[in-house]
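What follows is a set of notes on a single structure, which appears directly below.
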Amino acid sequence: FEFETQATKAAKVMAKLDGTGRNQLQPLSQNVLKEAENTRSLEGGELGLYRDVVSLMVREDSGREAMIARGLNEIRLAAAATADMTAVALMDGLADTRITDCRIYGNIGLYGAGTTPNLSNSQIKQLGAKMREQAVRFPPRNGRLRVAANTIRRIWLSRGAYDRFKDVAAGKEADFSDIFSGFTLSENVFGANESWLLSGVLTHTGNDFDFELKQPEDTLLATAVNADAIYTGNRSPDASVFDSTGQIRNMGYRKSETAANMMLQILD
């Protein structure tokens, strides 16, 4: 409510620019937005919203005040959607759970509040080797998770889950008795890369990674740790700028089944 109040006040000022102010704003704003585009400091959706507000400010339209206020709110929501904070946290995988048809401004956290992955490349390689040795025992009869038809930023695991991976990589025992037996991830739109997925069985179908890559290393879209996985009809972002293909790194006991994923490579 505080933002809406301030946005209304700001929109009144922005809508009252005279001809001189509008003439000064146009080149200045274009230079700033061009720099943001070149440095990739703003994601594509945010950049477009800023351009829309500037376009409203330089128009001679008596009714644009409300439209500017609405545009400012859309910028706020877009900024919230790009923040790496947990919007939904699932504390364990013991109950059947469903998240469907939601627009989520932030991350989904699995097995606690989602945090930045903290495994080194060597630990990830060691974890993959241990997985092939069946060093992780997955629960057969826990709950099943369905995440379908949502718009989200990414899915991250809790710090405790990453720490358990480190134990496995170091050759220690780790308890995975609280995770979901099955995880169906379907028809979601992701706004960022580097998700982490952990479940007994994973079905990854018809998801769209809908964002612009900023760096070549951004092409790693997700890492999945599972006993078995299926990947069908998923689409990665347009990676043509870096001449590369979006990838999902799968670490499971058995080789995953894949079929007709667009611009997406599964690394077993």
Q: Could you tell me which non-hydrogen atom of Arg164 sits nearest to which non-hydrogen atom of Ala174, and how far apart they are?
A: O-CB, 3.7 Å
Q) Can you find a heavy atom in the side chain of Phe138 that is under 4.5 Å from one in the side chain of Leu198? A) yes
Q) How about Leu56 and Met14: do any of their side-chain heavy atoms sit closer than 4.5 Å? A) no
Q) Are any of the side-chain nitrogens in Asp84 or Arg153 under 4.0 Å away from the carboxylate oxygens of its partner? A) yes
Q. Any donor and acceptor pair, going by atom type alone, linking the side chain of Asn142 with main-chain N or O of Ser177 inside 3.5 Å?
A. yes
Q. Side chains of Phe190 and Ile152: does their closest heavy-atom pair fall under 4.5 Å?
A. yes
Q: Assess the side chains of Arg249 and Thr223: does a donor N or O sit below 3.5 Å from an acceptor N or O?
A: yes
Q.
Are Leu220 and Phe211 connected into the same hydrophobic cluster when the rule is that any two of I, L, V, M, F, W, Y join if their side-chain heavy atoms are below 4.5 Å apart?
A. no
Q.
For Pro117, give me all partners under side-chain contact (heavy atoms from CB on, under 4.5 Å), at least two apart in sequence or on another chain.
A. Trp156, Tyr162, Trp196
(Q) So which atom in Ala169 and which in Gln123 form the shortest heavy-atom distance, rounded to 0.1 Å? (A) CB-O, 3.5 Å
Q) Are the side chains of Lys34 and Glu37 in touch, meaning some heavy atoms are under 4.5 Å apart? A) yes
Q | Heavy-atom check, side chain of Ile179 versus side chain of Pro139, under 4.5 Å | A | yes
(Q) Set out, in order, the CA-CA distance, both residues' side-chain angles and the distance that settles side-chain contact (heavy atoms from CB on, under 4.5 Å) for Phe165 and Ile124, then state yes or no. (A) CA-CA 8 Å; Phe165 288 156; Ile124 291 172; over 6 Å; no
Side-chain atoms of residues 256-266: list all donor-acceptor pairs with protein atoms under 3.5 Å, sequence neighbours left out, distances to 0.1 Å.
from	atom 1	to	atom 2	distance (Å)
Ser256	OG	Asn250	ND2	2.6
Ser256	OG	Asp268	OD1	3.3
Asn261	OD1	Gly233	N	3.2
Asn261	OD1	Asn234	N	2.9
Asn261	OD1	Asn234	ND2	3.0
Asn261	ND2	Tyr231	O	3.1
Gln265	OE1	Gln247	NE2	3.4

Q. Just by distance, do the side chain of Asn150 and the backbone of Ala148 share a donor-acceptor pair under 3.5 Å?
A. yes
**Q.** Short side-chain donor-acceptor distance under 3.5 Å, Ser120 and Ser122
**A.** yes
What donor-acceptor contacts under 3.5 angstrom involve side-chain atoms of residues 89-101, with partners at least two apart or in another chain?
from	atom 1	to	atom 2	distance (Å)
Asp92	OD1	Leu94	N	3.1
Asp96	OD1	Arg144	N	2.9
Thr97	OG1	Ala95	O	3.0

Q: Mind listing the closest non-hydrogen atom pair of Thr86 and Gly109 along with its distance?
A: CG2-N, 4.0 Å
Q | Flag, side chain of Asp218 to backbone of Gln215, donor-acceptor distance under 3.5 Å | A | yes
Q | Heavy-atom closest contact (Asn193 atom, Glu217 atom, distance) | A | ND2-O, 4.4 Å
Q.
To check you understand the geometry: which heavy-atom pair defines the closest contact between Ala149 and Asn188, and what is its length?
A. N-OD1, 3.3 Å
Q. Would a hydrophobic clustering, with Ile, Leu, Val, Met, Phe, Trp and Tyr connected at side-chain separations under 4.5 Å, put Val58 with Val32?
A. no
**Q.** Student check: side-chain heavy atoms of Val225 and Phe176 closer than 4.5 Å
**A.** no
Q. Is it true that Ile230 and Ile248 fall in one hydrophobic cluster, defined by side-chain heavy atoms closer than 4.5 Å?
A. no
Q | Donor-acceptor under 3.5 Å (Ser55 side chain, Arg51 main chain) | A | no
Q) Do the side-chain N and O atoms of Arg70 and Asn73 include a donor-acceptor pair separated by under 3.5 angstrom? A) no
Q.
Treating Asp167 as the side-chain partner and Lys172 as the backbone partner, does any N or O pair qualify as donor plus acceptor under 3.5 Å?
A. no
Q.
Starting from Leu17, can I reach Val54 by hopping between I/L/V/M/F/W/Y residues whose side chains sit under 4.5 Å apart?
A. yes
Q) With side chains defined as the heavy atoms from C-beta onward, is the minimum distance between Leu221 and Pro237 less than 4.5 Å? A) yes
Q | Closest heavy-atom pair and its distance - Pro140, Ser181 | A | C-OG, 3.5 Å
Q: Decide yes or no for Ile155 and Leu110: does some side-chain heavy atom of the first lie under 4.5 Å from some side-chain heavy atom of the second?
A: yes
Q. Any chain of hydrophobic side-chain contacts (each under 4.5 Å) joining Leu72 to Leu25?
A. yes
Q. For Arg159 and Asp163, what are the C-alpha separation, side-chain angles and deciding distance, and is it a side-chain contact (heavy atoms from CB on, under 4.5 Å)?
A. CA-CA 6 Å; Arg159 179 67 64 221; Asp163 289 343; 3.8 Å; yes
Q. Has the side chain of Arg76 got a donor or acceptor atom that lies under 3.5 Å from a matching backbone atom of Phe3?
A. no
Q: Report the C-alpha separation of Leu47 and Leu33 in whole Å, then their side-chain angles, then the decisive distance to 0.1 Å, and conclude whether the side-chain contact (heavy atoms from CB on, under 4.5 Å) test is met.
A: CA-CA 7 Å; Leu47 193 62; Leu33 293 174; 4.0 Å; yes
Q | Polar side-chain atom of Ser199 near backbone of Val201 as donor-acceptor pair, under 3.5 Å | A | yes
Q: With side-chain contact (heavy atoms from CB on, under 4.5 Å) as the test, would you mind laying out the steps for Asp52 and Glu74 before giving the verdict?
A: CA-CA 10 Å; Asp52 290 345; Glu74 289 175 351; 5.6 Å; no
